[in-house]
Amino acid sequence: MSKAGRSRPPRSSYRCQSCGHQEAKWHGRCPACGEWDALVEEVAAKPGQPLPAGAAASVPVRIDKVEALDHGARVPCGIAEVDRVLGGGLVGGAFLLLGGDPGVGKSTLLVQMLAGFAAHDPSPGGAPGPSAGAGAAPILYVSGEESVSQTALRARRVGAVTPRLMLLAETNLERILAHAAQMQPAVLAIDSIQTLFSDALDSIPGSVGQVRECAGRLMAYAKSTGVPTILVGHVTKEGQIAGPKTLEHVVDAVVYFEGEGGSPYRILRAHKNRFGSTQEMGVFEMRSSGLREVENPSELFLAERPVGAPGSVVVASAEGSRPILVEVQALVAPPSAGVGRRTAAGVDGNRLALLLAVLAQRASCDVLTEDVFVNVAGGLRVAEPAIDLGVACAVASSAHGRAIDARTLLFGEVGLTGEVRAVNFADVRLAEAAKLGFERCLLPKQNHARLDHHHGLELVPIERLAQALSLL
Ligand code: TYD
Ligand code: MG
C-alpha cells in the first residue's frame, strides 16, 4: 500500500481507527484488535510540532465577554434555493462540505454558487480576515479533477463567468495553501477533496489518511484566516471508504446534492449545519444551461399525476419551513416469486415494511404475501414520518382497486398500534394544499385540535389508520 522509502526516516505512521493502536507500517489487519482494514496513515510527528507561523496561543475567555457571531455578516450567493439551505449564506471562516454522487452536478452547482458569491459579496475584501478591505478579493476555485479550460467551459455554459473567479488546476495541498496565502481569496473552493494529496503523507489521493489530513489542514486555514472554504466530496454508493462521511464531524456544515438516476431534478439538503437548520431543502432542475431553481416544487411534483387512478395519493410533506406536496404511488401485485417483495423508491424501505405490518394487523388490509411497490413521483426522497398515512392509504387504494379522490390530500404519522400521530408544521402544509386547489385534508386529530386556520379546506381529523381507510 505504502511506497514509504527505506532510506529516509518514516514521516507518517498508521493508526487503527478502531482501537487507536499505532504501527510504523501498514497492515491489512490491526495487530492489536484484529479489525480488518482499519489502519489509516497519519502524520507521525504531530505532538510537539512547532506552532505554524501566525498561529496564536489559545486563551480561555469568559463566556459573557465573547462577542456573538454576527449572523448579519452572511454572504448570500443569490440562488435562493442554496442560500436557504445554508441558513442565509456563507459565514466567515465556514468550512463546508458539498457531497453527492459522481455526475449529480456538484461542480455545476459549485461554479454557479461561486459566481453568485462574487456578485453578492458586498465588502470589497469579502470575508473578514487578512483579505478584508484589500480591493475585490478573488474567489479561488481549485479543481483537481478537470483542467482550467474544462472548468471554464462549464462556467461559460451556465453563465457563471465573472472576472473575480480565479481557476486553479492543482492537487497538491501545500501548493494550494501557498496560492491561497498569496491571493487571500474571499472564498476558497476545492473540487474535490478526494483528488488532493499532502506531501506529509505517502498514501494515495483519496485514501482516508489523505482526505483527513488535507481536510484538517484546510479547516485550519479557514478558521485562522476567516475565509469560507467549500469542499466538494464524492459519496460512493458502496462503502463510504474515504468518502465525505469521514469528514462529517470535522466540517461546520454538510450539504448533500441528491438526484435519482434519469430525473432532471436535484435536491440540496443540509445534513449538518452549525449555522442554520438542517431541515431546509433546495430543489433544482438540471438543464442544458446548468441548474435552475425550482420555485414551486409542489406544482412540479404533481404535474403528471394521474387522476382517478388507484394507488395514487397526494401527501403534504414539509422539509423545514417549506411545504412540498408530493404524489405517492403504490402498486400491489400478485407475488412474482414465492414470497412478497417490497420495493421502495423515495421512501424508507423499513418504514414501508412497518406500515404493511400495521395495515395487516390493525386495519384489516393484508398484503403481506403480495409484491408491493411504492414510489414518490418525480424522484423525490421523503424521509419524514408525516408521509406514513399517505403511503398506507396508497397501498390500500391499490390493493382494493379504488381510487382516492384527486382533491383530497393527507398527512400524519402512523404508530404501531395503528394510531395516527400529530406532525410538525400542520399549518404550513394546509396553506400549501389550499394554494394548489385541494379541497379536503385528512390530518391527525391532535393537529386538527391545535389549528388556528382552516385555509378554506374541509378538514377531517383522523385518530386511527382504519378510520382513514374507511373514509377514503
Ligand atoms: P457535474 O457538475 O460535472 O457533476 P459532478 O461534479 O457532481 O460530477 O455535472 C454532471 C452532469 O450534469 C453531466 O453529466 C452533464 C450534466 N450537465 C447538464 O445537463 N447541463 C449543464 O449545464 C452542465 C454543466 C452539466
Ligand atoms: Mg465534478
Side-chain angles (χ1 to χ4, degrees), residues 77-79 81-82 85-86 96-119 139-162 165-173 176 187-197 205-206 210-211 214-215 218 229-238 240-245 247-248 251 253-271 281-294 300 378-381:
C77 70
I79 306 171
E81 300 290 306
V82 173
V85 173
L86 294 183
L96 189 105
L97 175 67
L98 170 60
D101 293 338
V104 74
K106 298 179 298 297
S107 303
T108 310
L109 181 67
L110 181 64
V111 78
Q112 290 184 239
M113 281 166 67
L114 294 179
F117 290 128
I139 286 178
L140 181 55
Y141 180 160
V142 181
S143 179
E145 308 210 323
E146 291 161 302
S147 64
V148 288
S149 60
Q150 281 172 305
T151 311
L153 196 71
R154 181 195 285 108
R156 214 159 285 153
R157 192 160 133 196
V158 304
V161 175
T162 138
L165 194 52
M166 301 290 290
L167 302 179
L168 173 67
E170 181 58 77
T171 53
N172 180 277
L173 176 75
I176 292 170
V187 179
L188 172 64
I190 309 283
D191 187 2
S192 65
I193 184 69
Q194 275 102 347
T195 58
L196 294 200
F197 72 97
Q210 285 286 11
V211 166
C214 293
L218 286 164
T229 301
I230 304 173
L231 304 183
V232 168
H234 298 292
V235 187
T236 49
K237 281 256 161 65
E238 313 77 50
Q240 274 106 17
I241 312 295
K245 290 276 176 194
L247 298 176
E248 281 189 352
V251 297
V254 183
V255 291
Y256 278 112
F257 205 37
E258 306 164 355
E260 292 282 324
S263 160
Y265 303 113
R266 302 282 183 271
I267 311 272
L268 186 68
R269 231 188 263 269
H271 283 235
M281 71 186 282
V283 185
F284 299 86
E285 183 183 355
M286 180 62 98
R287 301 218 189 143
S288 57
S289 56
L291 290 158
R292 286 292 167 79
E293 301 176 69
V294 173
L300 182 121
L380 194 68
R381 192 172 59 75

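Excluded from the calculations below are hydrogen atoms, water molecules and symmetry mates; all remaining heavy atoms, backbone and side chain alike, are included. Ligands are counted one by one from 1 in listed order, and the atoms in each one are counted from 1 as well.
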Where is the nearest protein heavy atom to atom 11 (C) of ligand 1: which residue, which atom, and how far? Gly103 O, 3.5 Å
So does Ser192 have any N/O/S atom less than 2.8 Å away from the Mg ion (ligand 2)? no
Heavy-atom contact check, 4.0 Å cutoff: does Gly100 meet ligand 1? no
Is there a donor-acceptor pair under 3.5 Å between the side chain of Glu285 and the backbone N or O of Pro264? no
I need the atoms of ligand 1 closer than 4.0 Å to a non-hydrogen atom of Ser107, numbered in the order shown. 2 (O), 5 (P), 6 (O)
Which of the ligand 1 atoms, numbered from 1, are nearer than 4.0 Å to a heavy atom of Ser288: 20 (N), 21 (C), 22 (O)
Is it the case that atom CE in Met286 sees more than 12 heavy atoms from other parts of the structure closer than 6.0 Å? yes
Pick whichever of Gln150, Arg156, Met286 has a heavy atom sitting closest to atom 17 (N) of ligand 1. Met286
What atoms of ligand 1 come closer than 4.0 angstrom to any heavy atom of Arg154? 1 (P), 2 (O), 3 (O), 24 (C)
Which of the numbered atoms in ligand 1 are under 4.0 angstrom from any heavy atom belonging to Gly105? 1 (P), 2 (O), 4 (O), 5 (P), 7 (O), 9 (O)
Taking only heavy atoms of Gly290, which atoms of ligand 1 are found under 4.0 Å from at least one of them? 21 (C), 22 (O)
Below 4.0 Å from ligand 1: does a non-hydrogen atom of Arg287 turn up there or not? yes
Val158 contact mode with ligand 1 (heavy-atom cut-off under 4.0 Å): side chain
Counting N and O atoms only, with roles assigned by atom type, does the side chain of Arg157 sit under 3.5 Å from a partner on the main chain of Gly290, one being a donor and the other an acceptor? no
